[in-house]
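Please read the structure below before turning to the comments.
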Amino acid sequence: LFERIRGGFRAPEDLSVSEWSDKYRVLSPENSAESGRWKTSRVPYMKEVMDSFNDPKIKQLVVVAAAQISKALAVDTKIPAPDGFTTMGEIKVGDTVYDENGKPCKVTLVSGIMHDHRCYKVTFSDGSEIVADAGHLWPVKTGDTVQILETEQITVPAEITGEGTDSYRAEAVKVEPVESVPVQCIQVDSPTHLYLCGESFIPTHNT
């Protein structure tokens, strides 16, 4: 009883939010694709945001970010467009790209360029390669259904395709970590939220 009373008067640990999270925070399997102990090193772009919460000099914190901020492709990724290929880094809101069936769709959101994401190179059976961050989403066919999986969740070989019979498709044969590169994400008005990327017209998911 006395120990509990003394504990009530003990000063809290001198930890920043990110330090506290690394020590105590645990992600549940119901609410996270990667459950278990939180590691700020996995999302380094969140450290400054988190630590701003207990900085006495900061009175107001405003964060402007794309939805699902970890879903991005390298900025030099080629994207099929009506006038030929553009790149992820050149796309603007209002531009036309193609959905997984080769039908035109409009870009409705373009994120800023992001750095320090964990990146992977996805290699396909035709030798083409796409660099994406760990959380980027892909439509992966499993049996008769298409699941939306993150890059680091893909088990190769994997068929990347949309639901329709006319969908473009590709076989991922290798997924390997690479050095981080600048990445960016877009949103399209396709009903399935899919668009084509790369010179091989590979279906992928928007932010």
Side-chain angles (χ1 to χ4, degrees), residues 33-34 65-114 117-176 178 181-207:
E34 188 177 346
Q68 307 220 18
I69 195 168
S70 297
K71 323 295 185 187
L73 298 177
V75 294
D76 63 356
T77 303
K78 291 188 176 180
I79 307 294
D83 295 328
F85 288 98
T86 183
T87 66
M88 177 61 71
E90 296 171 324
I91 284 181
K92 302 182 296 296
V93 171
D95 284 355
T96 298
V97 294
Y98 294 103
D99 70 13
E100 77 282 13
N101 299 311
K103 296 180 179 178
C105 57
K106 291 288 186 182
V107 176
T108 58
L109 178 147
V110 177
S111 78
I113 294 176
M114 298 170 279
H117 285 208
R118 289 182 299 114
C119 292
Y120 289 79
K121 180 172 66 177
V122 183
T123 303
F124 297 89
S125 58
D126 65 355
S128 62
E129 299 171 344
I130 298 289
V131 174
D133 69 7
H136 185 70
L137 301 176
W138 302 88
V140 178
K141 189 171 185 180
T142 305
D144 295 327
T145 62
V146 174
Q147 293 181 294
I148 304 299
L149 299 180
E150 295 182 355
T151 307
E152 60 183 357
Q153 294 176 318
I154 296 175
T155 301
V156 294
E159 184 178 1
I160 310 297
T161 181
E163 294 275 6
T165 55
D166 295 330
S167 294
Y168 283 85
R169 58 196 68 233
E171 183 182 31
V173 295
K174 184 186 289 186
V175 179
E176 55 188 327
V178 294
V181 298
V183 294
Q184 195 164 20
C185 58
I186 62 172
Q187 176 180 285
V188 298
D189 64 2
S190 162
T192 58
H193 309 294
L194 299 177
Y195 65 98
L196 298 176
C197 69
E199 293 182 286
S200 297
F201 296 84
I202 300 162
T204 194
H205 204 282
N206 73 179
T207 177

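Hydrogens, waters and symmetry mates are skipped; everything else that's a heavy atom, side chains included, is used.
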(message) Once rounded to the nearest 0.5 Å, what's the spacing between atom CD1 of Ile79 and atom CD1 of Ile91?
(response) 5.0 Å

(request) For residues His193 and Val188, determine if any side-chain heavy atom of one lies less than 4.5 Å from a side-chain heavy atom of the other. (result) no

(request) Could you walk me through whether Val156 and Lys174 pass the side chain to side chain contact (heavy atoms under 4.5 Å, CB included) test, one step at a time? (result) CA-CA 6 Å; Val156 294; Lys174 184 186 289 186; 5.5 Å; no

(message) If you define the side chain from C-beta out and look only at heavy atoms, does anything of Val107 sit under 4.5 Å from Lys92?
(response) no

(message) Could you report the tightest heavy-atom contact between Ser167 and Thr161, atom names first, then the distance?
(response) CB-OG1, 3.7 Å

(message) Could you work out, with side-chain contact (heavy atoms from CB on, under 4.5 Å) as the rule, every residue matching Val93, not counting sequence neighbours?
(response) Val110

(request) Compare all side-chain heavy atoms of Tyr195 with those of Asp99 and state whether any distance is below 4.5 angstrom. (result) no

(message) Once rounded to the nearest 0.5 Å, what's the spacing between atom CG of Leu109 and atom CG of Asp189?
(response) 12.0 Å

(message) Quick one, Trp138 with Ile130, criterion side chain to side chain contact (heavy atoms under 4.5 Å, CB included). Give me CA distance, side-chain angles, the key distance, then yes/no.
(response) CA-CA 12 Å; Trp138 302 88; Ile130 298 289; 3.8 Å; yes

(message) Rounded at 0.5 Å granularity, tell me how far CD in Glu171 sits from OG1 in Thr123.
(response) 12.0 Å

(message) Check the orientation of Phe85 and Phe201. Use parallel for under 30°, tilted for 30 to 60°, and perpendicular for over 60°.
(response) tilted

(request) Please examine the side chains of Pro203 and Leu196, heavy atoms only from C-beta on, and report whether any two atoms are closer than 4.5 Å. (result) yes

(request) Determine the minimum heavy-atom distance between Cys197 and Pro80, stating which atoms define it. (result) CA-CD, 4.0 Å

(message) Is any side-chain heavy atom of Cys105 closer than 4.5 Å to one of Tyr98?
(response) no

(message) Any non-hydrogen side-chain atom of Ile154 less than 4.5 Å from a side-chain atom of Tyr120?
(response) no

(message) In the structure I gave you, are the side-chain heavy atoms of Val131 and Thr77 within less than 4.5 Å of one another anywhere?
(response) no

(message) Side chains of Glu100 and Thr192 only: does a donor on one sit below 3.5 Å from an acceptor on the other?
(response) yes

(message) Please enumerate all residues that pass side-chain contact (heavy atoms from CB on, under 4.5 Å) together with Ser200, with sequence neighbours excluded.
(response) Asp126, Ser128, Ile202

(request) Over all heavy atoms of both residues, which pair between Phe124 and Ala170 is shortest? Give the atoms and the distance, please. (result) CD2-CB, 3.8 Å

(message) Determine whether a donor-acceptor pair (N or O, by modelled atom type, separation under 3.5 Å) exists between the side chain of Ser111 and the backbone of Cys185.
(response) yes

(message) Using side-chain heavy atoms (C-beta onward) and a distance below 4.5 Å, is Ile113 in contact with Val183?
(response) no

(message) Rounded to the nearest 0.5 Å, what separates atom OG in Ser125 from atom CZ in Arg169?
(response) 12.0 Å

(message) If you compare all heavy atoms of Val146 against all heavy atoms of Gly162, which two are closest, and at what distance to 0.1 Å?
(response) CG2-O, 3.8 Å

(message) Lys71 and side-chain hydrogen bond (donor to acceptor under 3.5 Å, both in side chains): which single residue from Glu150, His136, His117, His205 fits?
(response) Glu150

(message) List the residues meeting side-chain contact (heavy atoms from CB on, under 4.5 Å) with Ala81, not counting sequence neighbours, and say none if there are none.
(response) Thr86

(request) To the nearest 0.5 Å, tell me how far Asp133 CG sits from Leu73 CG. (result) 7.5 Å

(request) First locate atom CG of Leu149, then atom CD1 of Ile160, and finally report the distance between them rounded to the nearest 0.5 Å. (result) 8.0 Å

(request) Please test Asp76 against Met88 for side chain to side chain contact (heavy atoms under 4.5 Å, CB included), starting from the C-alpha separation and ending with a verdict. (result) CA-CA 6 Å; Asp76 63 356; Met88 177 61 71; over 6 Å; no

